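Numbers here are sequence positions counted from 1. The structure displayed is predicted, hence computed values, not measured ones.
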Amino acid sequence: IHKPEGALFLWLWFDGLTIHSQALYEELKQQGLIIVPGHYFFPGIRDTQWPHQYQCLRLNYAQDEAKVRQGIAILSQVISHYL
């Protein structure tokens with residue numbers, strides 16, 4: 001987790017993630033969790049040799065605690081297949 005510094009979301013980096021953040025978004029969406037794929041926040045970087053841009057996602061945690069816990073459970077279950 002990147003230091004949030006007062007934001008309403010967390011930046012999560014999954015070093016070694018074997019799926020592109022966009023494909024992860026699609027899979028999580030089917031499970032009822034919406035995240036923002038990280039690659040959108042690296043404009044102008046075309047170097048596919050730098051995987052960090054595809055291993056990050058942004059997760060909003062400005063929800064009630066039960067929803068946040070539910071989202072983390074979904075993320076944990078899905079992401080475990082790709083690490």
Do [X] and [Y] make a side-chain contact, defined as non-hydrogen atoms from C-beta onward lying under 4.5 Å apart?
X: I72; Y: Y61; value: no
X: D15; Y: Q55; value: yes
X: L75; Y: L12; value: yes

Non-neighbouring partners of [X] that pass side-chain hydrogen bond (donor to acceptor under 3.5 Å, both in side chains), sequence neighbours left out:
X: Q31; result: none
X: H39; result: S21
X: E27; result: Y82

Output the distance between atom [atom1] ([X]) and atom [atom2] ([Y]), rounded to the nearest 0.5 Å.
X: L24; Y: I79; atom1: CG; atom2: CD1; result: 4.5 Å
X: L28; Y: Q77; atom1: CG; atom2: CD; result: 10.0 Å
X: L59; Y: L8; atom1: CG; atom2: CG; result: 12.0 Å
X: Y25; Y: L33; atom1: OH; atom2: CG; result: 10.5 Å
X: L57; Y: L17; atom1: CG; atom2: CG; result: 8.0 Å

Path from F42 to W13 over hydrophobic side-chain contacts below 4.5 Å: no
Got a sec, which residues hit side-chain contact (heavy atoms from CB on, under 4.5 Å) with A66, two or more places apart in sequence or on another chain? D64
Identify the two heavy atoms, one from H52 and one from C56, that lie closest to each other, and give their separation to 0.1 Å. NE2-SG, 3.3 Å
What pairs with F41 under ring-ring contact (aromatic ring centres under 6.0 Å, His included), at least two apart in sequence or on another chain? W11
What pairs meet the salt bridge (Lys or Arg N to Asp or Glu O under 4.0 Å) rule with one or both residues in residues 65-83, with sequence neighbours excluded?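 Listed once each, the pairs are E65-R69.
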Just checking, any donor-acceptor pair under 3.5 angstrom between side chains of Y54 and Q22?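 On atom types as modelled, these side chains do not qualify, holding no pair under 3.5 Å.
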